[in-house]
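In what follows, every chain begins at residue 1, and chains take the letters A, B, ... in the order their sequences are listed.
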Amino acid sequence: MSLVKVRNLNKWFGRLHALKDVNLEVREGEVAVLIGASGSGKSTLLRCLNFLEQPEQGQVIFDGKVIDPRRDDLNLLRREVGMVFQHFNLFPHMSVLENIIEAPVMVKKVPRGKAIEEALALLHKVGLADKVDAYPCQLSGGQQQRVAIARALAMHPRLMLFDEPTSALDPELVGEVLAVMKQLAREGMTMIVVTHEMGFAREVADRVIFMDEGRIVEEGEPARVFSRPQKSRTRDFLSRVL
Amino acid sequence: MDFLYYLVTSIPFFIRAAAVTVELTATALAMGMVIGLVFALMKISGRRFWRCIADTYITVIRGTPLIVQLFAIYFGLATIVDFGSFWSAAIALAVHNGAYIAEIFRGGIQSIDRGQMEAARSLGMSYGLAMRRVILPQAFKRVVPPLGNQFIIGLKDSSLAAFVTMKELFGVSMQLASTHFAELQFYTIAGLYYLVLVVLFTFLVNRLERRLKIES
């Protein structure tokens, strides 16, 4: 059954028509990877799913419920939808541990002791158990991004959004972040990933979605899309990045 | 030699007056910080209504002299509510500095990367919670230098309270100058006391700045 569904989504930035009648459905446990040139609307689509951007037209349906950004409490939706950003966006005035327990304690009112226990387990999972008390500025980009993933997971989201999680990293640090994401995918997390890492898409994605000029042009299993793209625009794009 | 004589013999008067100046300034700036924060938040609000109110307040207060505001409250409002000289001066100074502090806070808040608010909201935090826990603590660190500057201006501006009969540093020096016919000496002494207070305060702000820098 589909966990998140997008129907006829349209988004404008001033006169720029950023998303054009986008339809998308992601099943529980599925890993969907959005690819496409920069400016094609991938990140905008992702940001519409947790309403960091408000689409002007269309519907976002999460877990069978149509989300109305004017009437529904978006904070409740966002508790269930974790997001990882290109620039990590860790809170620089908080330690790694404080970053992770902040939302569980302040938003979900999880008892502090329990939140810390879970945070330590999550840090262990992303391989940073020794960085509990470090501050973000003391960490490498790859480490920061892994903390950011742990921070999002601490809310026990049902869906994880990744917005170019490795684009701001030095090449030698990309692998450690992708490894954590692969593990997450193996554990059955529903994930929507915007990335330029075609290797990751090929290996981990259940479905690859190619976007161009605000539209979904083609989607399908990675093996099929990468080896036999149906649309000429997909072929053009893939020939440039592969 | 007159000067040294006056400097020493006036110590008890000036110490008491300095205490009044500090009390008045601290009270006014504490209120000014609250006013500043409230209007800064209004100014960055998504609602035009709040932005308009904040804009009007800041424009009117920055566009008129403090002494006019002080007289309006002390003499003008006296027919309706009599605050007395201390609270008239404190309120005038608070309202006046609040406008400048609002702009300082606004600048500090807007200097924080947008991604911080987005990350906080994406975790399910409300706007208010994100502001309080994520944005303001970072913004506060950045506004310490301009805020310190504004406090120094506020401290010196508190001298205008002498014109509503406050016996603070300037008021006392006016009184002593005229009774002893020694204007140059007593106004110089008053200046020295202000200078010492400002230097002391600057030292404290610098220490705070250094500590904040180490923390981050």
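- Contact residues of residues 82-114 of chain B toward chain A are B/D113, B/R114 (heavy-atom distance under 4.5 Å).
- Contact annotation for residues 51-73 of chain B against chain A (heavy-atom separation below 4.5 Å): no residues qualify.
- Neither the backbone nor the side chain of A/E80 comes within contact range of chain B; no heavy atom of the residue lies under 4.5 Å from a heavy atom of that chain.
- Proximity to chain A at a heavy-atom threshold of 4.5 Å picks out B/G115, B/Q116, B/E118, B/A119, B/A120, B/R121, B/S122, B/L123, B/G124, B/M125, B/S126, B/L129, B/R132, B/R133, B/V134, B/P137, B/Q138 from residues 115-140 of chain B, in numerical order.
- Taking A/R47, A/H93, A/M94, A/M83 one by one and counting their heavy-atom pairs under 4.5 Å with chain B, the maximum is reached by A/H93.
- Considering only heavy-atom pairs separated by less than 4.5 Å from chain B, the leading option among A/R79, A/Q86, A/K108, A/M106 is A/M106.
- Under a cut-off of 6.0 angstrom, the local environment of CZ in B/F13 is sparse, with at most 12 non-hydrogen atoms contributed by other residues, nucleotides or ligands.
- Only the backbone of A/V81 comes within contact range of chain B, judged by heavy atoms closer than 4.5 Å.
- Interface residues of residues 112-121 of chain A toward chain B, defined by a heavy-atom distance below 4.5 Å: none.
- Using a 4.5 Å cut-off between heavy atoms, A/F85 contacts chain B through its side chain alone, with no backbone atom that close.
- Most heavy-atom pairs under 4.5 Å with chain B, from the set A/N50, A/L52, A/L161: that is A/L52.
- No more than 12 heavy-atom neighbours from other residues, nucleotides or ligands sit within 6.0 angstrom of NZ on B/K156.
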